[in-house]
Amino acid sequence: MSELTLTVMRLGFLAVLWLFVIVAVQVIRSDLFGTRVTQRGGGRARPAPERERPQASGGRQQSRQSPRQRRGAPTKLVVVEGSLAGTTVALQGQTITLGRAHDSTIVLDDDYASSRHARIYPDQSGQWIVEDMGSTNGTYLDRSRLTAPQPVPLGAAIRIGKTVIELRK
């Protein structure tokens, strides 16, 4: 084997070794210090969609009410326990993601939460469904671990690690 080939192989092995060390340090750092939590303040003041604006054409908007506006339907998601206790998110018909990832709707700074831990979304009938997204430690709905998407009753506790979330009116 030529000297050049041997040198190239040594340098390649050294590069792969350093890549492994760098990735290992990043994983350990994220486990020790968690992911960076960013504040989301800029995008909150959006104009309301057409179906939420006050009626200007008589009572016509009333007949096209979306299922989430039914009487007794939840209107907000409230963090009851955990580091984000007191946080409220308005339910506007979109999917709410929960986890440690910085692009989640609710960013959990919890050692027992996965990056993409769970999601809460409305179905066609207007019920809100909670689904575990393959998390390591699981998602619990009223003390039972989720194995499949489940409808969330009003006031039922959704537990992700030390964080407890409820749907409320």
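As a basis for the values below, the full set of heavy atoms in this structure was taken, side chains included, without hydrogen atoms, waters or symmetry mates.
Atom OG1 of residue Thr139 and atom CG of residue Asp132 lie 3.5 Å apart, to the nearest 0.5 angstrom. With rounding to the nearest 0.5 Å, the separation of OH in Tyr121 from CG in Leu91 is 14.5 Å. Separating the CD atom in Gln26 from the CD1 atom in Ile28 is a distance of 11.0 Å, to the nearest 0.5 Å. Going from atom CG of Leu19 over to atom CG of Leu14 covers 11.5 Å, rounded to the nearest 0.5 Å. Summarising the geometry, atom CD belonging to Glu166 is positioned 8.5 Å from atom CD belonging to Glu81; distances are rounded to the nearest 0.5 Å. A distance of 5.5 Å separates CG in Leu146 from CG in Leu141, rounded to the nearest 0.5 Å.
Closest heavy-atom contact between Arg145 and Ser135: NH2-O, 4.3 Å. Across all non-hydrogen atoms, the minimal contact from Lys169 to Lys76 is O-CE, 3.2 Å. The two residues Pro122 and Trp128 have their closest heavy-atom pair at CD-CZ3, 3.3 Å.
Panel note: side chain His117, backbone Gly138; a donor-acceptor pair is recorded below 3.5 Å. With hydrogens and angles disregarded, no donor-acceptor distance shorter than 3.5 Å links the side chain of Ser104 to the backbone of Arg100. Between the side chain of Asp110 and the backbone N or O of Lys162 there is at least one donor-acceptor pair closer than 3.5 Å. A donor-acceptor distance shorter than 3.5 angstrom exists from the side chain of Thr105 to the backbone of Thr97, with no hydrogens or angles considered.
Clustering ILVMFWY residues whenever any of their side-chain heavy atoms sit less than 4.5 angstrom apart, transitively, puts Val89 in the very cluster that holds Ile165. In the hydrophobic clustering of ILVMFWY residues, with side-chain heavy atoms under 4.5 Å counting as a link, Ile120 and Val78 come out apart.
Counting only heavy atoms from C-beta outward, the side chains of Thr87 and Ile106 never approach each other to under 4.5 Å.
Shown here is Met9, whose CE atom has no more than 12 heavy atoms of other residues, nucleotides or ligands within 6.0 Å.
Considering Leu98, Ile158, Ile160 in turn, Ile158 is the only one that fulfils the side chain to side chain contact (heavy atoms under 4.5 Å, CB included) rule with Val130.
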Can you check side-chain hydrogen bond (donor to acceptor under 3.5 Å, both in side chains) on Asp109 and Ser83, steps first, answer last? CA-CA 7 Å; Asp109 188 23; Ser83 61; 5.3 Å; no
Let's go through Leu167 and Leu77 carefully: what are the C-alpha distance in whole Å and the side-chain angles of both, what is the deciding distance for side chain to side chain contact (heavy atoms under 4.5 Å, CB included) to 0.1 Å, and is it a yes or a no? CA-CA 5 Å; Leu167 292 178; Leu77 187 78; 3.3 Å; yes
